[in-house]
There are 2 protein chains.
Amino acid sequence: MGRVTRGFLAVGTRFDAGAAIGGVLYKDVKRAMLAALAEGEWKPAEAIPSERKLIERFGVSIGTLRKAIDELVAENLLIRHQGRGTFVATHRMEDHFFRFFRVVRQDGYREYPTVRLVRFRRGKADKSEAVALGLSVGDAVLRFTNVLSLEKTPVMIDAITVPVERFPTLTEVQLRERPNTLYNFYQDGFGINIIRTEERLRATLANDDDADLMEVPAGSALLQVLRTAYSYHDERVEYRVSKLNTAHHEFTLSQP
Amino acid sequence: MGRVTRGFLAVGTRFDAGAAIGGVLYKDVKRAMLAALAEGEWKPAEAIPSERKLIERFGVSIGTLRKAIDELVAENLLIRHQGRGTFVATHRMEDHFFRFFRVVRQDGYREYPTVRLVRFRRGKADKSEAVALGLSVGDAVLRFTNVLSLEKTPVMIDAITVPVERFPTLTEVQLRERPNTLYNFYQDGFGINIIRTEERLRATLANDDDADLMEVPAGSALLQVLRTAYSYHDERVEYRVSKLNTAHHEFTLSQP
DNA sequence: TTACATTTGTTCGTATGTATA
DNA sequence: TTATACATACGAACAAATGTA
């Protein structure tokens with residue numbers, strides 16, 4: 001005989017609930033927590049309720065709760081600190097910056113880049129942007145380009161496209177004056193949390209524009225990174241084509 | 001008051017043992033299991049002892065054992081199958097092939113490559129090989145080159161270097177006739193398990209040799225991948241420089 | 001087909017250790 | 001010092017998958 005309720009779901013016996021919902025309780029808890037994150041009930045940098053409160057809220061045991069949290073921690077959505085609490089991950093420099101900026105000097109040295117905004121324009125999604133962002137060709141998008149420098153030397157060009165729908169009030173000035181990382185800015189300014197990216201890499205040759213911005217000869221070999229960035233529920237919110245000069249740097253698959 | 005022994009370690013009370021060894025019991029169990037794997041007590045594709053036997057062997061509770069196994073599973077060293085047992089991971093095609101072969105057609109289609117061995121020679125480690133493999137310059141190495149094709153078209157060149165010391169009996173014929181993946185061959189033929197790689201990516205231009213092997217014009221942009229492959233205990237056993245033609249394919253960071 | 005033994009997976013709960021404010 | 005929070009370790013009970021008799 002199962003329990004009579006599933007606590008937060010309250011849908012009948014343990015067994016019936018299992019058949020009716022996800023079958024696995026900790027997965028249901030995880031989903032509920034994911035919903036609390038996606039809906040903004042728990043905000044970046046804030047502590048979520050303590051384990052004791054969460055087991056009351058969800059009506060599960062400590063082990064089940066911890067298993068749900070374990071997975072959210074593994075996915076970098078939450079960060080646990082013994083003695084302090086469990087926190088919603090942010091994109092502040094200290095936290096996750098090098099998870100998304102994988103450029104390293106060839107001797108392994110890592111450094112924060114300086115960013116210069118060189119283009120900002122409204123436009124209509126082309127085919128590749130529409131495919132990448134799940135839009136229709138012609139939908140309104142914002143395109144902007146950053147030049148990233150390391151040790152004062154331009155090393156990477158990021159050509160970024162976002163749907164206007166998700167960033168309706170975004171202005172060039174805001175972008176230029178943002179105090180922190182771009183993904184942190186998405187987070188603070190628009191409530192959009194980038195939690196995952198998919199990236200594909202190619203080699204390409206510098207065109208005149210690249211050559212100009214990156215101070216290399218046209219025809220140089222560049223590493224091209226095609227990135228789609230995802231928010232909660234696999235929602236695509238940014239498409240980015242980066243070009244990296246690998247004369248002195250490289251793209252690393254190792255996390256620091 | 002702690003327990004009197006730590007089972008397989010038997011080094012005193014729980015607390016003392018903690019201070020003396022790793023401090024965390026499940027980490028000790030994990031280390032012991034890692035040792036059993038590294039020493040070949042548990043061999044690839046075989047089942048390790050059941051949880052019940054392991055908790056007897058290590059003198060820990062089921063929860064502690066499972067936490068140790070959880071981490072080894074997360075690191076892809078073990079694979080659990082409910083109802084069957086827990087198995088040592090292998091490099092057979094079905095298992096982990098696409099963890100190490102990250103080349104995908106631009107439309108996302110994945111395919112096993114065909115491999116052609118085009119060079120095999122003994123030599124002395126140069127600077128970069130020595131650094132990558134933790135050898136001294138001049139140490140004996142084997143170098144061999146594979147051309148990988150997808151849909152009958154050459155797409156990637158792998159220039160591979162391994163220390164002779166780790167592969168003393170390796171011959172060109174063996175390499176040419178291996179029935180399975182290269183890492184599976186290392187595993188079966190030399191007891192060497194590749195469990196992890198570090199990769200760095202650059203863009204480069206095709207030289208005459210590349211152009212010849214890959215049937216592209218010299219000067220084409222190619223994606224270069226510098227890979228160091230590790231066995232247990234972070235031992236470096238292979239250094240590989242790959243060049244990929246990204247005209248129709250790309251290097252993906254997504255796992256299938 | 002059925003029944004059973006074996007193995008891992010999930011859920012429960014308790015006690016204690018460790019880090020933090 | 002104290003209270004709070006997460007971390008580790010224990011183990012029981014049952015569920016689900018698998019292979020075999």
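In what follows, every chain begins at residue 1, and chains take the letters A, B, ... in the order their sequences are listed. Nothing here was measured: the structure is a model prediction, and the numbers come from that model.
Pairs of residues two or more places apart, or lying in two chains, that qualify as salt bridge (charged side-chain N to carboxylate O under 4.0 Å, His left out) and include a residue from residues 35-50 of chain B are B:E41-B:R57. Within the structure, salt bridge (charged side-chain N to carboxylate O under 4.0 Å, His left out) pairs that include any residue of residues 106-117 of chain A comprise A:R105-A:D107 (at least two apart or interchain).
The stretch residues 61-70 of chain A comes close to DNA chain D through A:R66, each having a heavy atom under 4.0 Å from the strand. Of the residues in residues 42-52 of chain A, those placing a heavy atom less than 4.0 Å from an atom of DNA chain D are A:S50, A:E51, in numerical order.
Residue B:T86 has no polar side-chain atom (N or O) positioned under 4.0 Å from OP1 or OP2 of C:dT7.
A donor N or O paired with an acceptor N or O is not found under 3.5 Å between the base of D:dA5 and the side-chain atoms of A:Q82.
Mapped onto DNA chain C by nearest heavy atom, A:G83 and B:R80 fall at different nucleotides, with B:R80 at the one closer to the 5' end.
Listed nucleotides C:dT8, C:dT10, D:dC10 differ in distance to B:V60; the shortest reach to its side chain belongs to D:dC10.
Between A:E198 and A:R200, none of the side-chain N atoms (NZ, or NE/NH1/NH2) sits under 4.0 Å from a carboxylate O, so this pair counts as no salt bridge.
With no hydrogens or angles considered, a side-chain donor-acceptor pair links A:D158 and A:S242 at under 3.5 Å.
Residues that satisfy the ring-ring contact (aromatic ring centres under 6.0 Å, His included) test with A:F167, not counting sequence neighbours, are A:Y186, A:F190.
Counting heavy atoms from C-beta outward, A:F101 and A:L148 have side chains that approach closer than 4.5 Å.
What you find for A:F251 and A:L253 is that their closest heavy atoms are CE2-CD2, 3.7 Å.
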For residues 175-185 of chain A, which side-chain donor-acceptor pairs fall under 3.5 Å, sequence neighbours excluded?
from: A:R176; atom 1: NH1; to: A:L117; atom 2: O; distance (Å): 3.2
from: A:R176; atom 1: NH2; to: A:E172; atom 2: OE2; distance (Å): 2.5
from: A:R178; atom 1: NE; to: A:L175; atom 2: O; distance (Å): 3.4
from: A:R178; atom 1: NH1; to: A:N180; atom 2: O; distance (Å): 2.8
from: A:T181; atom 1: OG1; to: A:H91; atom 2: O; distance (Å): 3.1
from: A:T181; atom 1: OG1; to: A:N184; atom 2: N; distance (Å): 3.0
from: A:Y183; atom 1: OH; to: A:R227; atom 2: NH1; distance (Å): 2.9
from: A:Y183; atom 1: OH; to: A:E238; atom 2: OE1; distance (Å): 2.7
from: A:N184; atom 1: ND2; to: A:D188; atom 2: OD2; distance (Å): 3.1

